[in-house]
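Ligands are counted one by one from 1 in listed order, and the atoms in each one are counted from 1 as well. We use all heavy atoms of the structure for the numbers below, so side chains are in, but hydrogens, waters and symmetry mates are not. Heads up: numbering here begins at 1 and tracks the sequence. Being a predicted model, the structure only gives us computed values, none of them experimental.
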Amino acid sequence: MTANKSAFDVNYDGWVEFFTGLGQPSYRAGQVCAWLWKRRVFDPESMTDFGKELRAALAASLDFSFPEITRSERAKDGTRKFLLVMRDGARVETALIKQGDRLTACLSTQSGCPIGCPFCATGASGFDRNLTAGEIASEFAVMEESAGRDIQNIVLMGMGEPFLNTEAVLDAVRTLNHPKMRGLGIRHFTISTAGIVPGIQALAASGLGVRLAVSLHAADDDLRDELVPCNTSYPVRDLVAAMKDYQEKTGDRVTVEYALFKKKNDTLEHARQLVRLLHGVHAYINLIPANGDVNGYERSTPEDILRFQSVLKSAGFEAEIRAERGADISAACGQLKGKEPPDPAKAKEKRHETRRPHKNERRPHG
Ligand code: SAH
Ligand code: SF4
């Protein structure tokens with residue numbers, strides 16, 4: 001590992017500063033960003049519009065190494081899943097989902113996750129560390145390079161909780177959105193959160209216009225404390241208030257994700273509770289048939305899923321059942337990493353100290 005800053009962590013202003021510091025014109029910033037983010041050329045030696053000296057200065061000042069794909073699988077439906085290794089050995093998963101001609105990249109924001117939802121393979125694997133903005137954005141660059149074509153959408157729904165790493169996540173979005181960098185339209189980004197209220201507020205305040213999805217999975221605190229442990233810090237009432245506030249500030253509807261687990265959260269009464277809770281929220285509800293069978297959280301029956309959906313629809317909500325992608329390659333987050341032999345360097349995986357904080361305690365984000 002090199003001590004140099006990663007080139008992927010340099011934002012546009014940082015590049016301008018870098019080149020002007022070398023006595024170069026500022027348009028060089030646009031040139032290097034085009035190589036990295038548009039042409040997917042990561043080796044300064046191949047950046048042919050720079051002279052020899054400038055290429056050498058780039059290589060000497062910054063680390064251009066990018067995440068390495070150590071494992072990849074392709075499902076029958078075209079979904080691909082990658083296991084990436086960062087320069088310090090941290091491992092993350094990404095997925096590339098194909099819908100018709102369009103590709104969606106599912107990116108990780110942390111290596112592992114400290115929240116520890118019991119049904120989630122990532123949660124079960126513990127927490128390693130936050131990713132930097134450059135690491136998150138470079139997951140996308142590496143996937144585009146591997147796909148050999150542009151990817152149209154990004155969902156921050158891989159490993160980790162984006163709003164326990166808010167600053168890096170928003171900086172990664174800015175990099176991928178910046179017209180001189182990757183230039184992906186802001187409406188093509190979705191951040192999925194387990195319900196970290198200060199993160200939702202920070203996203204609204206950022207004015208970025210990214211789409212927001214909230215993993216609700218339960219409408220009452222007792223059940224949600226079990227399914228999504230950060231609920232003990234940010235109870236359902238506060239979460240829904242934050243969603244309403246987000247809508248008021250941004251004018252954007254929120255996607256509510258609700259994974260259905262057999263006999264846990266999928267009864268008629270659970271559906272009615274959800275309807276009551278979301279009264280007044282302009283929500284699009286995504287019903288997710290549980291993926292895998294982590295810790296005995298089994299998938300609901302198709303009949304129960306359809307019944308749940310019909311209660312929501314009768315109450316006037318838009319509610320869709322998410323089509324399963326990549327089922328034959330365990331495409332749910334954390335499942336590919338689980339197939340790897342354990343890495344001894346990472347064996348002492350750290351759980352977040354406040355993984356189950358006291359009921360009324362507020363956990364700072366970031
Ligand atoms: N930490 C964020 C984003 C990553 S998880 C969050 O929780 O929203 C992305 C989505 O996958 C979440 O909605 C999560 O609840 C869901 N998920 C994780 N494991 C799952 C499983 N086994 N079955 C169904 N959905 C699952
Ligand atoms: Fe973390 Fe999301 Fe998995 Fe929960 S569902 S453990 S918040 S990645």
Can you list the ligand 1 atoms lying under 4.0 Å from a non-hydrogen atom of T193? 6 (C), 8 (O)
Indicate yes or no: at least one non-hydrogen side-chain atom of T193 is less than 4.5 angstrom from one of L212. yes
Using distance alone, with no hydrogens and no angle criterion, decide if N231 and D221 have a side-chain donor and acceptor under 3.5 Å apart. yes
Who gets closest to atom 5 (S) of ligand 1 by heavy atom: E161, R299, M157, M159? M157
Any atoms of ligand 1 less than 4.0 Å from a non-hydrogen atom of H217? List them with their elements. 13 (O), 14 (C), 15 (O)
What atoms of ligand 1 come within less than 4.0 Å of a heavy atom belonging to A290? 23 (N), 24 (C)
Run the numbers for me: atoms of ligand 2, each under 4.0 Å from some heavy atom of G160, listed by number. 8 (S)
Run the salt-bridge test on R322 and E257 with the 4.0 Å N-O cut-off and return the result as yes or no. yes
Can a side-chain donor-acceptor contact be found between T109 and N165 if the only test is distance below 3.5 angstrom? no
Check this for me: does any side-chain nitrogen of one of D88 and R129 sit under 4.0 Å from a carboxylate oxygen of the other? yes
To which of A213, S192, A259 does the heavy atom nearest atom 2 (C) of ligand 1 belong? S192
Does C117 bring an N, O or S atom to under 2.8 Å of atom 4 (Fe) of ligand 2? yes
Considering only heavy atoms of G123, which atoms of ligand 2 have at least one such atom less than 4.0 Å away? 6 (S)
Quick one: which ligand 1 atoms are inside 4.0 Å of a heavy atom on G160? 1 (N), 2 (C), 3 (C), 4 (C)
I need the atoms of ligand 2 closer than 4.0 Å to a non-hydrogen atom of A194, numbered in the order shown. 7 (S)
Atom indices of ligand 1, in the order listed, that fall short of 4.0 Å to a heavy atom of E257: 13 (O)
Salt-bridge criterion met for D63 and R87 (N-O under 4.0 Å): yes
Does either side chain, that of T267 or that of H270, offer a donor lying less than 3.5 Å from an acceptor on the other one? yes
Ligand-side contact atoms (ligand 2) for residue partner G116, heavy atom cut-off under 4.0 Å: 6 (S)
Do any N/O/S atoms of C113 come under 2.8 Å of atom 1 (Fe) of ligand 2? yes
Assess G158 for proximity to ligand 1: is some non-hydrogen atom of it under 4.0 Å away? yes
Are D220 and R224 ion-paired here, with the side-chain N under 4.0 Å from a carboxylate O? no
Assess the side chains of R28 and Q31: does a donor N or O sit below 3.5 Å from an acceptor N or O? yes
